[in-house]
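Presented below is the structure to which this report refers.
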Amino acid sequence: MARGRGFDVTRLPGFTTVAILCFVLLYAPIVLLVIFSFNESVSVSEWQGLSLRWYRSALENEQVQAATIRSVVIASAASLIATSAAVGAALATTRTRPWRGQTLAFALVNQPLMVPEVVTAVALLIFFSMIKVATGYTGLWYLIIAHTAFCIPFAYLPVRARLQGMDLTLEQAAADLYATPWQAFRRVTLPQLWPGILAGAMLAFVISLDDVVITEFVKSAGQDTLPTYMLGQLRRAVTPEINAISTALLAVSVVLVMAFFFLSRSRT
């Protein structure tokens, strides 16, 4: 007896048209942004020839340089700390016996994914404002801590997925050979876990690098990152220099996300 064909959404009337329309609406503005970043004209809507003028202008802009360095420093520190915390959290929720409160711990780790980002930003603003008033310190560590807290679940998910896909046999064999928990982790678990760790770190780096809302609420004067600098410039006037910066940021994000995709698929 032939089996009935299951439900297939791609066979619904108009599915192809709606899918194409969605892709056009999503990617057409990005394509136009990239094209007009090479525009010779000052206008962002009138094409006057191919040029790298605005890329040179962005590279020579001291404010862009400072904001880029600051963004990279914050994203690097936040991704490193967030990934370290994510590895510990992933081990605690996958490599131990079930314990009371494990589901609650999982929910708490992933809370930034469930709560609107603006709510997290307002909460961090209030919390850090109290600390700033009490201590007088206004350095970059507030941004690093804020980005770290927001990036932990993004680093946690690929690490946890990698651990769940790993066979416990080798770790059990290491324990049978009198390896301590640390030795088993360092010599058996960690080498297999590296693709997940790198994927989580890259994803956390991209999320931190692109963040606007939390940064805008937490930063002090003179602490613009590249996205918040771009937002400030857009409030004044839109120039092709912003297109060039956006294209460069897009290229970095695409490369890192592609690396995350291939690393998360790795099973070696």
Side-chain angles (χ1 to χ4, degrees), residues 70-135 137-166 185 189 193-220 223 225-228 231 253 256-257 259-261 263-264:
R70 193 175 295 114
S71 294
V72 172
V73 169
I74 293 171
S76 299
S79 62
L80 178 62
I81 300 171
T83 305
S84 301
V87 170
L91 289 170
T93 53
T94 60
R95 283 299 189 266
T96 59
R97 294 178 180 177
W99 42 277
R100 184 177 298 177
Q102 186 171 357
T103 303
L104 177 61
F106 178 77
L108 289 175
V109 170
N110 290 283
Q111 186 201 23
L113 295 177
M114 298 179 283
V115 177
E117 187 177 355
V118 68
V119 175
T120 303
V122 172
L124 289 170
L125 170 65
I126 296 171
F127 179 68
F128 287 142
S129 295
M130 296 171 61
I131 298 177
K132 288 178 182 179
V133 171
T135 64
Y137 175 73
T138 58
L140 280 182
W141 274 104
Y142 294 113
L143 281 173
I144 293 174
I145 295 171
H147 281 220
T148 298
F150 184 66
C151 289
I152 285 176
F154 294 96
Y156 170 79
L157 292 177
V159 174
R160 187 173 189 267
R162 180 71 179 179
L163 279 171
Q164 287 179 323
M166 287 168 49
F185 172 74
T189 307
L193 191 58
W194 266 117
I197 294 175
L198 290 177
M202 288 181 180
L203 187 58
F205 183 88
V206 170
I207 296 299
S208 175
L209 189 68
D210 295 343
D211 184 78
V212 174
V213 178
I214 289 178
T215 306
E216 191 68 24
F217 276 76
V218 175
K219 71 182 181 70
S220 300
Q223 292 182 350
T225 60
L226 195 56
T228 59
L231 180 63
S253 299
L256 291 177
V257 169
F260 159 75
F261 174 75
L263 282 171
S264 62

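The first residue in the sequence is number 1, and the count goes up from there.
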Are the side chains of D211 and I207 in touch, meaning some heavy atoms are under 4.5 Å apart? no

If you look at every heavy atom in T228 and E216, which pair is closest and at what distance? CG2-OE1, 3.4 Å

Indicate yes or no: at least one non-hydrogen side-chain atom of I152 is less than 4.5 angstrom from one of P112. no

Inter-residue atom distance L143.CG - S220.OG, 0.5 Å rounding: 7.5 Å

Could you tell me the separation between the CD atom of Q164 and the OG1 atom of T93, rounded to the nearest 0.5 Å? 7.5 Å

Step by step, work out the side chain to side chain contact (heavy atoms under 4.5 Å, CB included) result for T215 and H147. CA-CA 8 Å; T215 306; H147 281 220; 2.8 Å; yes

Do L157 and N110 pass the side chain to side chain contact (heavy atoms under 4.5 Å, CB included) test, and can you show the C-alpha distance, the side-chain angles, and the key distance before you say yes or no? CA-CA 9 Å; L157 292 177; N110 290 283; 3.5 Å; yes

P195 and R162: which non-hydrogen atoms are nearest, and at how many Å? CG-NH2, 3.8 Å

Taking all heavy atoms of L209 and all of S71, pick out the closest pair and write down the distance. CD1-CB, 3.8 Å

Within 6.0 angstrom of M114 CE, more than 12 heavy atoms from elsewhere: yes

Would you call L124 and F150 a side-chain contact if the rule is heavy atoms closer than 4.5 Å? no

Start with the C-alpha gap between Y142 and K132, add the side-chain angles, then the distance that decides, and say whether side chain to side chain contact (heavy atoms under 4.5 Å, CB included) holds. CA-CA 9 Å; Y142 294 113; K132 288 178 182 179; 3.6 Å; yes

Restricting to non-hydrogen atoms, name the atom on I214 and the atom on T120 that form the minimum distance, rounded to 0.1 Å. CD1-CG2, 4.2 Å

F205 versus S79, closest heavy-atom pair with distance: N-CB, 3.7 Å

Around Y137, counting heavy atoms of other residues, nucleotides and ligands shown, do more than 12 lie under 6.0 Å from its OH? yes

Drop me the distance from L203's CG to L198's CG, to the nearest 0.5 angstrom. 12.5 Å

Do V118 and F217 pass the side chain to side chain contact (heavy atoms under 4.5 Å, CB included) test, and can you show the C-alpha distance, the side-chain angles, and the key distance before you say yes or no? CA-CA 9 Å; V118 68; F217 276 76; 4.1 Å; yes

Closest non-hydrogen atoms of C151 and A204, given as atom of the first, atom of the second and distance, are SG-O, 3.4 Å

Answer whether the closest heavy-atom distance between the side chains of L140 and R70 falls below 4.5 Å. yes

